[in-house]
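A quick write-up on the structure given underneath.
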Amino acid sequence: MSGLILLMIAAAAAFAFWSASRAAAERAGRIGRQACRAAGVQWLDQTVHAAGLRLRRGDDGRLGFERSFRFEYSEDGVERHVGRLVLHGERLVSFSGPVRAADTLPQ
């Protein structure tokens with residue numbers, strides 16, 4: 001019986017991690033699209049790719065996941081450029097991408 005309870009707890013933790021990862025990827029996609037739209041460049045492949053995950057303390061001192069994503073964009077429709085963004089929870093920590101978009105991103 002206790003083995004079943006431990007299995008259910010592990011499954012719930014895995015589902016929570018997966019759900020938070022999906023939510024972060026969707027937020028990163030919205031930020032990437034918004035940045036490309038603001039800069040007047042083409043957002044390629046219509047998606048972001050997870051590039052990294054690590055534990056990091058937030059400003060309040062609590063541990064949380066910091067997720068890195070990358071996306072591709074094109075200024076002229078020929079050359080591809082890589083943009084990167086880092087989210088700590090829901091907060092945008094770092095962004096590099098279309099230059100004109102940096103001032104319009106949500107913090």
Side-chain angles (χ1 to χ4, degrees):
M1 186 70 141
S2 66
L4 181 60
I5 292 173
L6 289 176
L7 180 63
M8 289 175 28
I9 291 171
F15 177 77
F17 177 79
W18 176 81
S19 181
S21 296
R22 288 303 324 139
E26 289 173 10
R27 174 144 168 75
R30 285 192 304 271
I31 291 171
R33 266 192 306 278
Q34 179 182 0
C36 290
R37 190 177 312 118
V41 299
Q42 182 181 10
W43 188 42
L44 301 175
D45 303 330
Q46 308 304 310
T47 189
V48 294
H49 305 279
L53 174 71
R54 69 180 189 163
L55 278 174
R56 184 167 179 188
R57 292 200 183 273
D59 295 334
D60 59 357
R62 297 175 65 187
L63 278 177
F65 287 111
E66 183 178 89
R67 292 176 169 89
S68 303
F69 297 92
R70 67 176 199 74
F71 62 97
E72 294 184 350
Y73 64 96
S74 177
E75 296 173 348
D76 58 5
V78 176
E79 293 185 22
R80 297 174 84 93
H81 302 280
V82 176
R84 300 182 192 288
L85 59 99
V86 178
L87 296 175
H88 186 265
E90 288 285 315
R91 192 171 66 91
L92 179 64
V93 176
S94 172
F95 177 83
S96 66
V99 177
R100 293 171 280 177
D103 299 330
T104 63
L105 292 176
Q107 298 297 323

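Note that the numbering runs from 1 along the sequence shown for the chain. For the numbers below, each heavy atom of this structure counts, side chains included, while hydrogens, waters and symmetry mates do not.
- One hydrophobic cluster, built from ILVMFWY side chains closer than 4.5 Å, cannot hold both Val86 and Phe65; they sit in different ones.
- Both Leu53 and Leu55 are assigned to one and the same hydrophobic cluster, defined by single-linkage of ILVMFWY side chains at heavy-atom distances under 4.5 Å.
- Remark: side-chain polar atoms of Asp76 are paired, donor with acceptor, to backbone N or O of Glu79 under 3.5 angstrom.
- A heavy-atom distance below 4.5 Å is found between the side chains of His81 and Glu75.
- In this structure, CG on Asp45 lies 11.0 Å from OG on Ser74, to the nearest 0.5 angstrom.
- Using bins of under 30°, 30° to 60° and over 60° for the plane-to-plane angle, the ring pair Phe95/Phe71 lands in the parallel bin.
- A side-chain donor-acceptor contact under 3.5 Å links Arg67 and Ser21.
- Separation of atoms CZ (Arg84) and NE2 (His49) is listed at 11.5 Å; rounding is to 0.5 Å.
- The distance from the CG atom of Leu7 to the OG atom of Ser2 is 11.5 Å, given to the nearest 0.5 Å.
- At distances below 3.5 Å, at least one donor-acceptor pair connects side-chain atoms of Arg27 with backbone N or O atoms of Glu90.
- Among all heavy-atom pairs drawn from Gly32 and Leu85, the shortest one is N-CD2, 4.4 Å.
- Interatomic distance, SG of Cys36 versus CG of Leu44, reported as 7.5 Å (0.5 Å rounding).
- Each of Arg91, Arg54, His88 was evaluated against Glu66; a single residue qualifies, Arg54, per the side-chain hydrogen bond (donor to acceptor under 3.5 Å, both in side chains) test.
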Steps toward side chain to side chain contact (heavy atoms under 4.5 Å, CB included) verdict (Leu87, Ile31): CA-CA 10 Å; Leu87 296 175; Ile31 291 171; 4.0 Å; yes
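- Residues Val82 and Arg80 fail the side-chain proximity criterion, which asks for heavy atoms closer than 4.5 Å.
- Annotation for Tyr73 and Gly83: closest pair CE2-N, 3.9 Å, computed over non-hydrogen atoms.
- Going from atom CZ of Arg37 over to atom CH2 of Trp43 covers 9.5 Å, rounded to the nearest 0.5 Å.
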